[in-house]
Amino acid sequence: MTSHIRKIVKWSLCTGVAFAGIAQAQAQRAPQSSPTAQDDAVPEIVVTAERRETRLLDTPIALTAFTAADLEDANVSRIEDLAGQIPGVFIADRSLRTQSIAIRGLSADLNNPGLDQSVGIYVDGVYMGRATPGNASLFDLQRIEVLRGPQGALYGKNTIAGAINYITRLPGDTLEGRIEAGYGNYDAWQLRASASGPLSNGISLGLAGAIDQRSGFVHNTATGTDQDNLDALALRGTLRIQPSADIDIILRGDIGRDRTNAGSSDVLNNGAFAGTPLADADPNDRTVTQNRDPVQDRDTWGVSAEIDWTLGAGTLTSLTAWRGFTWHNFADNDYTVLDMLASGIDEDQQQVSQEIRYAGEAGALTYVAGLYYFHQQLDTNSISTVGVDLGIYPNPVDAIVKGDVTSDSYAAFLHGDYAFSDRLSLTAGLRYTYEKKKLVHAQQGDPLQLLLPNIPQRTLDRSEDNFSPSASLNYKPGEDVLLYASYSRGFKSGGFNVFGVSPTDDARYAPEHVDSYEIGAKAAILGGRGRIAIDVFRMDYSNLQVNQLINVGGVPRFMTSNAASARTRGLEAELVLRPARGFDLTATYTYLDANFVDYRNATSGGADYTGNRLPRAPEHSGSIAAQYVTPLAGSLELFVRGEATLHSRVYFGADNAYSQGGVALFNARFGIHDEKSGWGVYLWGRNIGNRDYAIQRSSGAIVPGQAIQTLGAPRTYGVEATFDF
């Protein structure tokens with residue numbers, strides 16, 4: 001451990017001890033039993049990150065949770081609205097399918113169908129086998145939990161960076177509902193509605209839906225289309241059956257539909273076309289001249305059945321789910337008005353999962369044990385179209401790569417917490433996973449086989465197993481103070497470069513592993529009017545899977561290779577404070593040192609990326625938000641909120657060739673709310689300073705010297721009306 005990291009660890013431990021003393025002193029001065037103290041205290045949050053209910057302050061995990069009230073106050077309707085507000089997490093909404101979520105510098109670009117995600121996404125406990133449905137509309141949620149660091153023991157193989165849990169609202173025994181409607185610039189309008197209540201004794205139903213429409217941020221002068229638009233519809237239903245006090249049955253179903261021209265790319269560097277009429281004069285004017293518009297169509301669906309049965313000293317849970325989606329996209333690859341090259345991917349995914357677990361207590365031991373099975377069928381077609389302006393064929397010609405990936409995963413896990421005393425406990429977990437994958441691959445080349453050769457169908461398979469342990473020593477010097485030191489090991493399975501298989505090359509890559517070490521402190525401060533969490537960590541990766549866009553024979557292909565080793569280390573801090581009644585402050589800060597320790601022969605040309613910074617891993621990032629709610633007259637109250645997020649330079653590829661310098665963004669929301677009648681009217685704005693910044697930059701696919709970029713959202717603003725009943 002370097003002297004720099006020793007200083008961070010020492011500072012964190014000293015700070016944690018100081019927080020412990022402050023919390024204990026404040027608790028003695030301001031008991032939480034009085035109504036005034038309760039009004040002034042920050043709300044307590046209960047999470048289910050450990051597959052059981054625990055207080056956020058008692059959970060020895062680097063964890064950020066957003067309640068339904070938090071999401072409403074921040075006007076969150078998609079996960080990218082939380083970008084910059086979660087320590088150690090970088091989110092960039094590039095398109096429906098290629099949204100980038102990196103936790104502590106680790107992410108996965110899933111354009112390769114054979115590559116698994118690094119950040120596990122869960123909806124009501126159901127693992128999403130692909131990230132494609134992960135950035136759908138968010139509505140009628142009870143909570144979002146973001147876990148940082150490998151969560152292999154409880155969550156499985158593909159949570160090597162962390163996990164995001166979406167917990168939807170359950171229907172209760174009283175009739176209640178909410179309607180939200182809004183309109184903004186770019187002809188944006190939004191409608192959300194939810195209602196839930198009892199149908200009969202022990203049976204309740206919840207229904208919710210969302211519609212999002214918006215014109216595009218980028219105008220294509222060649223076609224007249226506004227690109228990067230939004231056109232989404234989502235519906236969800238929940239039926240809860242409680243035939244007795246010991247049995248709780250929850251049936252859920254959802255569907256979603258998106259039809260957009262998202263995924264726009266502007267020309268950053270014209271390369272060989274510089275100085276010609278084909279050149280794009282301004283990469284930041286949100287205007288392009290391209291013969292094709294990007295097309296992104298997505299349909300998602302899912303059903304699940306959760307049964308919780310109180311049995312003996314614990315609860316037996318069965319969670320069965322069946323999910324799927326279809327995906328179609330097609331886009332220009334020369335980014336000019338010429339018809340030279342275009343490509344797209346069609347995907348048809350279905351998955352079935354079954355989890356059975358038993359959670360209970362035995363004296364000083366609190367435990368959960370379970371079995372898990374996951375099956376996924378992912379059928380893909382990648383189409384590359386050679387246009388007539390390339391001068392090879394008189395008519396457009398297609399070349400097709402077909403890759404059908406079948407995955408089966410089996411796991412058994414055990415996780416428990418043993419209390420040696422009221423203050424000292426040990427949390428430990430272990431998961432065994434066995435996985436097998438099969439790839440059916442075939443390739444139909446263009447007539448002259450200049451773009452792609454013909455490859456007859458062949459079947460490849462692989463299998464592997466892994467043990468994922470975790471352990472945490474926890475010490476509570478006070479009721480609302482937690483100090484912990486933890487170790488965990490995570491892994492992500494290997495696979496195939498679906499678009500790189502040839503008769504002589506199976507295009508395999510190895511599984512990646514990580515060893516994670518963490519020291520953390522959580523405490524309530526100022527007599528419950530504040531909450532703080534700090535953690536320092538080090539994560540050592542072996543065979544880190546890196547996905548890159550590489551030109552192979554003039555065709556852009558996403559290829560995955562293994563970096564021999566990489567390392568991330570740093571500090572994360574989070575503060576929630578209520579200095580006065582109605583006034584709330586939140587702040588986050590992350591320092592991240594994330595580099596490839598050994599990445600020689602990174603490309604077929606022998607490039608050496610050793611020492612380069614990991615993509616989407618800014619060295620410094622943070623946020624601050626201030627919110628004030630005060631009575632006006634009668635039951636009316638005023639709401640005012642301001643947010644600022646910032647990050648230092650971000651690199652977009654392992655080669656560190658393209659980056660975006662530091663960015664600071666500002667958001668605001670204010671309005672009035674009638675607490676008695678339930679209505680509210682709000683004005684809101686995002687990126688108020690209208691900052692132009694890139695969320696992706698890379699080399700062009702076919703024009704020599706060309707570089708392209710995707711810009712983040714410009715200034716947006718609007719009005720919103722809400723009604724609760």
Side-chain angles (χ1 to χ4, degrees), residues 44-63 65 122 124-125 127 145 147 149-157 159 163 165 167 170 242-250 305-320 353-373 410-434 466-490 518 520 522:
E44 186 172 87
I45 298 178
V46 175
V47 297
T48 53
E50 293 187 313
R51 306 291 195 186
R52 58 189 177 94
E53 290 189 350
T54 58
R55 292 196 314 162
L56 180 64
L57 283 175
D58 295 334
T59 308
I61 298 174
L63 166 66
Y122 294 78
D124 292 319
Y127 171 68
E145 299 176 4
L147 291 68
Q151 309 295 326
L154 270 177
Y155 287 86
K157 63 184 180 66
T159 54
N165 294 333
I167 298 99
L170 284 175
Q242 298 170 291
S244 68
D246 296 333
I247 298 178
D248 192 358
I249 303 171
I250 305 170
E306 179 181 349
I307 303 175
D308 297 304
W309 181 19
T310 302
L311 188 65
T315 301
L316 179 66
T317 298
S318 171
L319 180 56
T320 307
S353 61
Q354 174 64 59
E355 182 172 356
I356 298 176
R357 62 180 185 266
Y358 184 79
E361 297 182 6
L365 177 65
T366 302
Y367 63 90
V368 56
L371 300 171
Y372 180 76
Y373 171 68
Y410 308 81
F413 58 91
L414 178 64
H415 188 271
D417 184 275
Y418 186 82
F420 298 104
S421 67
D422 291 340
R423 296 191 174 187
L424 184 65
S425 66
L426 175 67
T427 302
L430 179 65
R431 188 184 191 102
Y432 171 75
T433 301
Y434 171 77
N466 184 82
F467 285 96
S468 299
S470 67
S472 175
L473 186 63
N474 318 307
Y475 179 64
K476 293 186 57 118
E479 176 65 24
D480 294 327
V481 183
L482 172 66
L483 306 177
Y484 64 92
S486 67
Y487 164 79
S488 58
R489 182 169 174 81
E518 188 169 322
K522 300 181 180 184

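Between Val368 and Leu154, the closest side-chain pair of non-hydrogen atoms falls below 4.5 Å. Within the 4.5 Å cutoff, the side chain of Arg52 has no heavy atoms near those of the Thr315 side chain. Looking at heavy atoms from C-beta onward, Leu316 lies out of side-chain contact with Ile307 at the 4.5 angstrom threshold. A heavy-atom distance below 4.5 Å is found between the side chains of Gln151 and Ile61. Side-chain contact between Ile45 and Leu57 is absent, with no heavy-atom pair separated by less than 4.5 Å. Between Thr427 and His415, some side-chain heavy-atom pair lies under the 4.5 Å cut-off. Side-chain contact between Asp417 and Glu50 is absent, with no heavy-atom pair separated by less than 4.5 Å. Looking at heavy atoms from C-beta onward, Asp124 lies in side-chain contact with Ile167 at the 4.5 angstrom threshold.
Each of Asn165, Thr54, Leu56 was scored for a side chain to side chain contact (heavy atoms under 4.5 Å, CB included) with Leu63, with one residue passing: Leu56.
When all heavy atoms of Leu147 and Ala49 are compared, the pair lying nearest together is CD2-CB, 3.9 Å. Here the closest non-hydrogen pair linking Tyr484 and Ala62 is OH-N, 3.6 Å. The two residues Gln354 and Ser318 have their closest heavy-atom pair at NE2-OG, 3.1 Å. Pairing each heavy atom of Thr159 with each of Gly152, the nearest pair is OG1-N, 3.6 Å. Contact record, Ala419 with Ser425: CA-CB, 3.9 Å, taken as the closest heavy-atom pair. Closest approach of Glu145 and Thr48 over heavy atoms only: OE2-N, 2.9 Å.
If you take CG on Asn474 and CZ on Arg423, they are separated by 14.5 Å, rounding to the nearest 0.5 Å. Separation of atoms CG (Leu424) and CG (Leu473) is listed at 5.5 Å; rounding is to 0.5 Å. Taking CH2 from Trp309 and CD1 from Ile247, the interatomic distance works out to 6.5 Å, rounded to the nearest 0.5 Å. In this structure, Leu482 CG and Thr59 OG1 are separated by 8.0 Å, a value rounded to the nearest 0.5 Å. With rounding to the nearest 0.5 angstrom, the CZ atom of Phe420 is 5.0 Å from the CG atom of Leu426. Atoms CG and OH, from Leu319 and Tyr127 in turn, are 14.5 Å apart once rounded to the nearest 0.5 Å.
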Item to check | Worked verdict on Ser244 versus Asp246 for side-chain hydrogen bond (donor to acceptor under 3.5 Å, both in side chains) | outcome: CA-CA 5 Å; Ser244 68; Asp246 296 333; 5.0 Å; no

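Side-chain atoms of Tyr358 come within 3.5 Å of backbone atoms of Leu311 as a donor-acceptor pair (strictly under, hydrogens ignored). Of the possible donor and acceptor atoms, one in the side chain of Tyr122 sits under 3.5 Å from a partner among the backbone N and O of Tyr155.
Sorted by first and then second residue, the salt bridge (Lys or Arg N to Asp or Glu O under 4.0 Å) pairs involving residues 357-366 (not counting sequence neighbours) are Glu355-Arg357. Within the structure, the salt bridge (Lys or Arg N to Asp or Glu O under 4.0 Å) test picks out the following pairs touching residues 466-478 (sequence neighbours left out): Asp58-Lys476.
Applying the salt bridge (Lys or Arg N to Asp or Glu O under 4.0 Å) criterion to Asp248, with sequence neighbours excluded, gives Arg240.
By the 30° and 60° cut-offs, the orientation of the rings of Phe467 relative to Tyr432 is tilted.
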